[in-house]
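Below: the structure, in structure tokens.
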Amino acid sequence: MADPAIEVRKLTKTYRTPFARKKVEALRSVSFTVERGHIFGFVGPNGAGKTTTIRTLMGLIKPSSGAASLLGHPIPSRAARARVGFLPETPYFYDYLTVPELLDLAGRLFGIPHAERVKRADRLIERVGLGRARSQSLKKFSKGMLQRAGLAQALMNDPELVVLDEPMSGLDPIGRKEVRDLILELRDQGKTVFFSTHILSDVEAITDRVAIIARGEIQSQGTPTELVAQTILGVEIAIRIAAEVPIDELTANAAKVRRNGEDLSLVLPAGTDVDAWLQRAHAAGAKVISVAPRHETLEDTFLRQVANADSSPAALEGRT
Amino acid sequence: MIGRIWAIALNTFREAVRIRVLYGILVLVVGANLMTIVVGQMATNEEARVTQDIGLAGISLFGSLTAIFLGVFLLYTEVQRRTIHAIVSKPIERWEFVIGKYVGMALVLTVLVVLFAVAMLFMLALQDIPISSAIAKAVVMCWFEVMTVAAIAIFFSSFSTPFLSGIFALALWVIGRVTPDLEAATHSASSTIKWTSKVALQIIPDLHLFSVSGRTIDGVTVSVHGDFVSWGYVGLSALHGFGWIVGLLGLAALLFHRRDFV
């Protein structure tokens with residue numbers, strides 16, 4: 001059986017403030033595994049430790065303790081990096097280069113022969129939609145264009161594993177969809193994609209597995225379905241009722257009540273006798289438009305776990 | 001390995017030639033060489049001496065200052081602007097990156113030294129002054145001095161800010177140029193001065209080796225205008241410089257290897 005694409009075991013990173021005894025734990029015993037061929041979403045709020053984890057994996061930061069491997073090679077490994085594509089967070093590139101020059105530099109560092117470099121660069125420039133900007137220096141690029149250039153340089157070596165730090169950052173909705181499509185296309189090609197984000201809709205839409213990190217600790221991990229509690233949080237109901245009919249009795253225990261003329265929508269809490277409520281609504285002359293159970297979403301899970309992390313003893317101690 | 005180092009070197013060269021200050025320095029040096037005509041005419045029968053002295057001093061002074069300037073900025077800005085993130089995450093060792101930056105700088109500095117030397121030779125030719133092999137030897141030694149100073153700057157830049165690196169590199173360059181004075185100080189009555197000088201002589205590159213005009217070597221006072229050192233001496237001083245370059249770049253690579261790029 002092949003090694004996992006990424007294996008992280010009890011990874012810890014502690015920064016010490018110079019001339020002070022204060023220490024900041026950026027990562028606390030972080031462990032997770034990314035299987036080959038998966039799309040893995042690494043989710044967390046700003047400052048959670050996503051970028052620190054990724055930079056540690058890519059050899060930019062040395063861990064204080066713990067271990068990690070990329071494609072079976074313990075980090076930091078040049079052999080592994082040769083088979084990995086990496087997009088840094090808010091990519092900074094040499095702004096005097098054009099995209100073909102940037103990709104040529106990346107290709108040289110990967111040891112790709114000249115003819116192949118040119119061929120791959122041409123294909124990638126078109127793939128990320130920068131064909132019209134190929135003669136412009138990166139200095140003139142918008143944030144979204146830089147992100148596309150970053151994606152292109154990350155794919156120059158036709159990597160087995162692609163690590164993307166906030167790949168949707170700075171992109172408009174069309175750009176975000178294109179990146180999502182690109183990630184799915186990479187998985188279809190048999191590649192593994194590990195990406196960090198705090199845009200939960202992207203995670204729910206495309207990932208096979210997710211890990212939620214907050215305050216330097218993994219809060220939970222699994223498939224998006226596993227992470228979301230399967231219990232019903234409530235029932236969303238939409239009815240149409242004459243504007244002059246009083247609705248106080250109907251909305252007594254409800255949440256998110258909205259009335260717009262004859263249209264009334266609300267959420268009944270879990271455990272409410274919905275049948276009895278609907279009978280009362282019928283009796284009041286209401287016409288039922290829709291009744292739908294409301295499950296927990298990934299966003300609910302994320303917000304709950306981040307809130308738990310923020311109120312943990314370590315967080316309250318100020319993490320010192 | 002060579003391909004990766006060369007890729008970084010070429011990119012560094014590309015980056016450095018966009019620095020406008022370099023063109024200012026080039027104009028300054030060419031201007032100083034042009035001035036030798038005026039100054040030479042003021043010093044009757046000393047045109048050759050003036051042209052050669054100003055030309056060589058220009059190479060040494062401005063070459064070294066440019067080396068310090070490039071050395072303290074080019075490595076530091078990679079970290080500060082985070083351009084290094086997309087580079088060292090590729091299959092390149094950090095020491096290869098440091099060497100690549102140095103080679104790129106060395107290319108730029110070599111071009112500058114050649115241009116400075118061409119300006120001086122042009123002025124000599126313009127005044128019908130014969131060009132001796134001493135000039136070639138002196139230029140080669142200036143080039144080695146500049147290369148050594150560049151390594152000093154890169155070394156400090158691997159762990160310090162441009163301001164501090166600049167101060168340290170400048171101090172080492174100045175002290176390295178006055179090693180005969182340090183040697184004299186080792187005979188001082190004060191034990192503090194004596195031991196400080198002894199330690200300094202051990203840890204500071206002897207840049208005075210590259211600037212021999214006026215020194216007495218093997219009982220002969222050498223001058224670029226008369227008897228000058230042999231190619232053997234040039235080779236030995238080059239070896240000395242090369243040793244320091246390797247040592248300083250090795251230390252820089254070691255320090256760079258330990259750094260976190262956050």
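If you're wondering where the values come from, they're calculated on a predicted model, not measured in any experiment. Atoms considered below: every heavy atom in the structure, side chains included; atoms not considered: hydrogens, waters and symmetry mates. First the proteins, then the strands, lettered A, B, ... as listed; each starts at 1.
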**Asked** If we only count heavy atoms from C-beta on, is the B:F116 to B:V139 side-chain gap below 4.5 Å?
**Response** no
**Request:** Answer whether the closest heavy-atom distance between the side chains of A:V99 and A:M145 falls below 4.5 Å.
**Result:** no
**Message:** Is it the case that over 12 heavy atoms from other parts of the model lie below 6.0 angstrom from the CZ atom of A:R9?
**Reply:** yes
**Prompt:** Could you name the residues of residues 246-262 of chain B that have a heavy atom within less than 4.5 Å of a heavy atom in chain A?
**Reply:** B:H257, B:R258, B:R259, B:D260, B:F261, B:V262
Measure distances from [X] to the heavy atoms of chain A and classify the residue's part below 4.5 Å as side chain, backbone, both or neither.
{"X": "B:R18", "result": "side chain"}
{"X": "B:E93", "result": "both"}
{"X": "B:L10", "result": "side chain"}

Which atom pair, heavy atoms only, marks the closest approach of [X] to [Y]?
{"X": "B:A16", "Y": "B:L74", "answer": "CB-CD1, 4.2 Å"}
{"X": "B:W244", "Y": "B:D206", "answer": "NE1-N, 4.4 Å"}
{"X": "B:I204", "Y": "B:L172", "answer": "CG2-O, 4.0 Å"}

Are [X] and [Y] within salt-bridge range, i.e. N to O under 4.0 Å?
{"X": "A:E89", "Y": "B:R82", "answer": "no"}
{"X": "A:D95", "Y": "A:K140", "answer": "no"}
{"X": "A:E185", "Y": "A:R187", "answer": "no"}
{"X": "B:E96", "Y": "B:K101", "answer": "no"}

**Asked** How many angstroms lie between atom OG1 of B:T196 and atom NZ of B:K198, to the nearest 0.5 angstrom?
**Response** 11.5 Å
**Message:** Rounded to the nearest 0.5 Å, what separates atom CG in B:L70 from atom OG1 in B:T12?
**Reply:** 10.0 Å
**Residue-level contacts of residues 104-121 of chain A with chain B, using a heavy-atom cutoff under 4.5 Å** = A:L105, A:A106, A:R108, A:L109, A:F110
**Request:** Sort by residue number and list every member of residues 51-66 of chain A having a non-hydrogen atom under 4.5 Å from chain B.
**Result:** A:R55, A:M58, A:G59, A:L60, A:I61, A:K62
**Request:** Scan side-chain atoms only and decide if B:Q80 and A:Y92 contain a donor-acceptor pair under the 3.5 Å cut-off.
**Result:** no
**Request:** Check the side chains of B:T83 and B:E78 for a donor-acceptor pair under 3.5 angstrom, ignoring hydrogens and angles.
**Result:** yes
**Fill in**
chain A shares the most heavy-atom pairs under 4.5 Å, among B:E15, B:R4, B:K90, B:R14, with B:K90
**Prompt:** ring pair (Phe, Tyr, Trp, His ring centres under 6.0 Å) with B:F69: which residues, sequence neighbours excluded?
**Reply:** B:F73
**Request:** Identify which part of A:Q153 has an atom lying under 4.5 Å from any heavy atom of chain B, answering side chain, backbone, both or neither.
**Result:** both
